[in-house]
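Everything below concerns the one structure shown next.
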Amino acid sequence: MADSVVPTFGGTWDSVRPALPSSILTAVASLGFERMTPVQEAAIPAFLQNSDVIVEAATGSGKTLSFVLPLLVLLQRATQRKPLATGEIGALVLSPTRELAKQTFSVLTTLLELSGLPFTPLLVVGGSASATATADEMARVREGAADILVGTPGRLEDVVCGRKKGSGMRGRPSVRSARLEVLVLDEADRLLDMGFEASLTAILAALPKQRRTGLFSATMSEALGQLVRAGLRNPVRVQVQVRGPSGDSSMRIPATLQVRYLVCPPDRKMAQLVRLLRQGHQQHGDEEGSRPHKYIVYFSTCAAVDYFYRLLKRLLDPKPEAVPGGQPAMEREQRAASELGLDAGGPVAVYSLHGQMVQKKRQMTFDAFTRLPAGDTGVLLATDLASRGLDIPDVDYVVQWDPPTDPKSFAHRCGRTARAGRRGQALVFLSPGAEETYVDFLAVRKIPMQPAPYLWLDAQGCVTTEAPEDAVVPEPAEDSDDGEETSDGSQDDDAAEDGSQKLKSMRKQQKRKKSKRRAAAASSFPADSRSTVLLELLRQYSAGDREIYGRSSVAFVSFVQAYAKHEASFIFRLKELPLIEAAQGFALLHLPSMPELRGRPTRRFVNHPVDTDLIPYLDAQREAQRQVKLAKEREEKAKEKGRNKKKDKAKNDAWSSAKREREKVREIKIKRLRQKDERAREQEEELMQRINDPEVLEALRRDPLLAKRMLSGRDKSLRDAVLLAADRRARGAPRDAEPRTLEQIVAEARALRQQSRGSSSDSSGSSGEEDWEAVARKERIARKMAARGKRPRFEFNPGFSDEEGENQ
Ligand SMILES: Nc1ncnc2c1ncn2[C@@H]1O[C@H](COP(=O)(O)OP(=O)(O)OP(=O)(O)O)[C@@H](O)[C@H]1O
């Protein structure tokens, strides 16, 4: 990359008023800095004149020196008459991340060494590389060996406010801050965000009101609402803006930074990234100093960084031990990679950096990437942990795989390149559709972007911006990926009956049109077969290495969750994100089960045929451990199955015996009923023989209502009548000349019954009762049989129907 320094510098150091001490002038001269940057020129005098300052200037414009130099000068002034006592601190610098705190600490240490000023700085950050380092740090704080503390809010709160680690309770502060002269909040807008609220409030409360406070950031105006919390007094606002290319508008990014965007479906991002890395080498060959060789690629989540780190490492810098099948397999893979133009320019060193890594590894990665040998190509995959303040030398290109959740981070991410007058490039991938409005959104925020061309591979595997002739634009997809229905409009015609329905129908139509437009936008990209081949290659990596496979779904799910949390949610709408393409872009073997995929056209996603349980770890020891674990799980499952079988059997047995019991009871009941029926039948037959007395039958026919009542068992008198008739016949009594009514017959029967009760035993009565029950039963049976269309076995027709009887 060209080292050309754009003339963005101001006056010389000795022109500062009030003048900087000679020790400081010597120090900056030793650093090789001949002139001040515009922000230094404006902020240093303001801070030195005992004003609180709020400084906003583009990334890489030299803000660190803008506060470090005045801090040293103010501290020197304050301690000239009365030096700081043991345990007293004179200045405090707060940074949002450990990396940034370390970087500031290093600048401070260098300046102190070069200037010979008698102050001792101390770095106070969490997660020290070793327990010894932490103990050492604390011992130095206790001994009062520090005049200037630089650190992160959490740890500084412990030291300044005396919070007891872990308990959250206050103890005795490790330092005395009554004579604190200068407080600096670097990346102040981030520190004033909610995440640091508690620690920051506690620290500010512990510091004296009489102090100089400086707030510094590239996106300071975003935090203006919270400034009052920082306890500033009549602050001077320093805002350094950059002239745009047309000279009329101001920009929030360095003039040497070219920011571009590429609209492409999410499944093309990987191919674009890889081609971008290769393009740099291709355009500039090995001509040292002219080609980009240091890239940072930002992802929204730690899991995505972890996953893509493994994929890219295997793709761009393969090692035989990282390939299943060793050297021969690696050579085969390299041949495939060569067809995709991946081998041009030699290996690319891949690094990863995010907040979930242990501090030691974080530091090692950071150092390794910072000291990447000249001429080597390196890519650092990072989260926003590395977006602010980090001054990594010679970063040429910043790629944003996803736009940041917090829009403020966009400028900070881009600002890792094009620092201190160097040139740099930044690229952000946007999905077709709603995300394209991000360009206007950033333009309003004074970050202008230009479109970037889509990168292709020609027949020789070289990166080109020309689409190959055979690249065909596919037909728009039938099903849109936004979960909205795409029925034709005809069915809505009926719905437009009243006003509200009309409105509803119009809205539906608008929605459909929008969704079709989006689908058309997504599918208007010519097919890129080699991008698909690349994704297939990555899927193969995943299918052969559990280390990669295990992280794939987690990365994708975390990406989707982060997407849903975008602060610019009116642009980044999960509903409109083509999730299936995004999953393909993550080279997933199968879609994870997640609620966000409900209603999406998942049929478009082709699952990989591999049995995912059989995917091994390449590390033999880890795989052996997994196998042991699997065996244990299988054993446990088998045992569980056995236990379940027993349980099931017991359950089944219990159920069967209960069933048997129920059947037994039923059989007994049926048997009893049958017996009862049999008895009833016999009784009925007997009764019917008796009732065949023509006189009784006649009477029954004549008085059907009474007959019905009696036969239905509500009046047992008929039974007596039958008995009487039987008696009369037995006695050979003559029939009356006049036909008798049923009532007369019954009355006679009753009288007779009374007589016979008086003279004979009760047994005859009881047998009579049984007969009458049988009569009632008989009548019921007759009715049932009639309903079934059968004739009763006995002839009995009292001459009425139920309905007639009831209705009368
Ligand atoms: N006067 C100067 N002349 C030349 N280089 C300078 C000068 N001042 C600072 N630099 C260099 O510019 C680079 C960027 O400086 P610095 O890290 O202070 O930027 P910054 O404005 O704090 O950026 P950010 O907003 O990203 O934190 C550093 O490498 C630093 O050494």
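Side chains included, hydrogens not; waters and symmetry mates left out as well; all remaining heavy atoms used. Counting convention: from 1, in listed order, for ligands and their atoms alike.
With respect to His354, the side chain to side chain donor-acceptor pair (under 3.5 Å) criterion is satisfied by exactly one of Thr301, Asp306, Thr383: Asp306.
Nearest protein heavy-atom contact of atom 18 (O) of ligand 1 is Thr64 OG1, 2.7 Å. Taking atom 17 (O) of ligand 1 as the reference point, the nearest protein heavy-atom neighbour is Arg419 NH2, 2.9 Å. Counting protein heavy atoms only, atom 12 (O) of ligand 1 is closest to Ala420 CB, 3.0 Å. When only non-hydrogen protein atoms are considered, atom 23 (O) of ligand 1 lies nearest to Gly60 N, 2.8 Å. Closest to atom 28 (C) of ligand 1 among all protein heavy atoms lies Asp391 OD2, 2.9 Å. At the top of the distance list for atom 3 (N) of ligand 1, counting protein heavy atoms only, stands Phe9 CE2, 3.2 Å. Looking only at heavy atoms of the protein, atom 27 (O) of ligand 1 is closest to Gly389 CA, 3.1 Å.
Between Phe572 and Tyr563, the ring planes are perpendicular. Angles over 60° get that label, and only those under 30° would be called parallel.
Both tests hold for Lys294 against Phe369: distance to the six-membered ring centre under 6.0 Å, angle to the ring axis within 45°.
Between Phe299 and Phe308, the ring centre distance stays below 6.0 Å. You'll find the ring centres of Phe9 and Phe33 outside the 6.0 Å limit.
Taking any N or O of Phe33, backbone or side chain, none lies under 3.5 Å from an N or O belonging to ligand 1.
Residue Pro393 places every heavy atom at 4.0 Å or more from ligand 1.
The existence of a salt bridge linking Arg362 and Glu99 is confirmed by a sub-4.0 Å separation between a basic side-chain nitrogen and an acidic carboxylate oxygen. Salt bridge Asp394/Arg422: present, at least one basic N to carboxylate O contact under 4.0 Å.
With a 4.0 Å heavy-atom cut-off, ligand 1 is reached by the side chain of Arg416 but not by its N, CA, C or O.
Within ligand 1, counting atoms from 1 as listed, the ones closer than 4.0 Å to a heavy atom of Ala58 are 21 (O). Taking every heavy atom of Glu187 and a limit of under 4.0 angstrom, the matching atoms of ligand 1 come to 27 (O).
Donor-acceptor pairing under 3.5 Å is lacking for the side chains of Arg179 and Ser177.
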